[in-house]
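Encoded as structure tokens, the structure appears first; notes follow it.
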Amino acid sequence: MDILIIINPVSGDKNKVEFVDFAKHFLEKSKLSYHFYKTTGKNDSDKIEQLLIEYSPQKVIVVGGDGTLNMFLKPLMDFDIQVGFIPMGSANGMAVELNLTDSPQILFKRFLKSKESKKLDLLSINDSHLLLHLGDIGANANLVANYDKDESRGMFTYAKHFWSEFQNLKGFEFEIKTDQMDYERKGVMLAICNGRKFGTGIPLNTIGRMDDSFFEFVVVKAMDFSDLLKAALSKFDEDYKIESLETIQAKSATVKLKEPRLLQIDGEVIEEFTELKIEVLPKALKFIQ
Ligand SMILES: Nc1ncnc2c1ncn2[C@@H]1O[C@H](COP(=O)(O)OP(=O)(O)OP(=O)(O)O)[C@@H](O)[C@H]1O
């Protein structure tokens with residue numbers, strides 16, 4: 001089969017009927033064989049694994065938020081398949097980073113046509129989770145968890161949780177041992193970055209590349225209002241410097257925390273951990289250009 005399309009019907013509260021109609025029409029016109037899979041939120045990854053065995057598609061196109069793509073990283077990596085991602089979630093951090101800011105229709109046509117792919121690194125966390133873009137422990141993970149628990153969605157609810165979390169920042173201590181060096185630090189957030197930019201386009205670090213076989217920790221030591229403002233303005237000026245950010249590059253590392261803390265990966269809250277083992281899986285995902 002040519003194309004398997006995985007679509008999350010609920011991501012970003014966005015209606016995808018129009019896109020699906022367009023995609024079907026375009027596939028028929030192009031005489032490509034295809035299968036649509038709608039996620040259910042239950043055992044989707046296992047079902048995709050079965051479909052990959054059954055159909056052996058040439059390409060897989062994932063339509064949803066960052067969390068939707070994250071759900072399928074394992075089978076997509078194991079089957080070494082060409083992947084296209086159409087961001088249709090609420091916070092699409094990966095979209096800017098991966099140059100996926102065109103409309104879903106344009107991206108879809110581009111992925112079907114393209115014969116080129118670029119291999120991106122993935123990060124393995126505690127041998128049981130994969131990270132493509134960004135994860136963190138601390139302020140942002142708490143914000144994502146509180147936003148998820150709230151029945152209201154949207155920008156206003158997000159802003160409400162953002163302010164309540166970032167106004168009451170509590171520092172915590174942790175120990176990082178990389179393949180190069182040991183560090184003891186205290187901070188309000190520890191980001192684990194394969195990429196560089198938050199969903200808003202705010203760069204957390206300036207050296208991260210998703211295909212360099214390294215990842216970066218960004219230790220956010222403290223944040224006050226002027227830092228936040230600078231970070232927000234950095235959307236327009238990448239040369240900003242927040243004094244309280246420290247970047248540590250590594251190929252593998254362990255992190256030990258004094259107390260259990262929530263971890264979020266690619267926008268999905270995982271659980272609380274006291275220890276993380278992180279390792280780069282170089283060039284593990286074939287991303288269609
Ligand atoms: N049919 C479904 N019904 C309910 N939840 C689903 C369904 N399909 C997938 N999911 C859930 O959607 C989540 C992924 O959503 P994703 O992060 O891609 O979208 P999002 O709109 O950015 O999410 P959020 O609004 O939380 O930021 C996963 O947790 C998955 O379990």
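Just so you know, ligand 1 is whichever comes first in the structure, and atom 1 is the first atom listed for that ligand.
Distances from atom 31 (O) of ligand 1 to the heavy atoms of Gly64, Gly41, Gly267 show the closest one on Gly41.
When each atom of ligand 1 is checked for a heavy atom of Thr68 under 4.0 Å away, the hits are 14 (C), 15 (O), 16 (P), 18 (O). Set against the non-hydrogen atoms of Val10, the atoms of ligand 1 under 4.0 Å away are 2 (C), 3 (N), 4 (C), 5 (N), 6 (C), 7 (C). Interface atoms of ligand 1 facing Gly89, defined by a heavy-atom separation under 4.0 Å, are 21 (O), 22 (O). Near Ser11, meaning under 4.0 Å from any of its heavy atoms, are these atoms of ligand 1: 19 (O), 21 (O). Which parts of ligand 1 touch Glu268 is read off a 4.0 Å heavy-atom cut-off, strictly below it: atoms 14 (C), 17 (O), 28 (C), 29 (O).
Looking at Thr39 against ligand 1, both its backbone and its side chain come within 4.0 Å, counting heavy atoms. At a 4.0 Å heavy-atom cut-off, ligand 1 touches Asp148 through the side chain alone. By the criterion of a heavy-atom distance under 4.0 Å, the side chain of Asn8, and not its backbone, is placed next to ligand 1.
Remark: distances from the non-hydrogen atoms of Met71 to ligand 1 include one below 4.0 Å.
We find the CG-CG distance between Leu169 and Asn142 to be 9.5 Å, quoted to the nearest 0.5 Å.
A cation-pi arrangement is absent between Lys59 and Phe111, since the terminal nitrogen or guanidinium carbon is not both under 6.0 Å from the aromatic centre and inside a 45° cone about the axis. Lys186 forms no cation-pi arrangement with Phe172, by the criterion of a distance under 6.0 Å to the ring centre and an angle within 45° of the ring axis.
Inclusion of Gly12 in the set of residues having an N or O under 3.5 Å from an N or O of ligand 1 is warranted.
Residues Glu246 and Tyr183 have side chains that never bring a donor and an acceptor to within less than 3.5 angstrom of each other. Side-chain contact, Asp44 with Thr39: no donor N or O sits under 3.5 Å from an acceptor N or O. No side-chain donor-acceptor contact under 3.5 Å links Lys277 and Ser124. No side-chain N or O of His133 forms a donor-acceptor pair with one of Asp66 less than 3.5 Å apart.
Atom CG of Asp13 has 12 or fewer heavy atoms from other residues, nucleotides or ligands within 6.0 Å.
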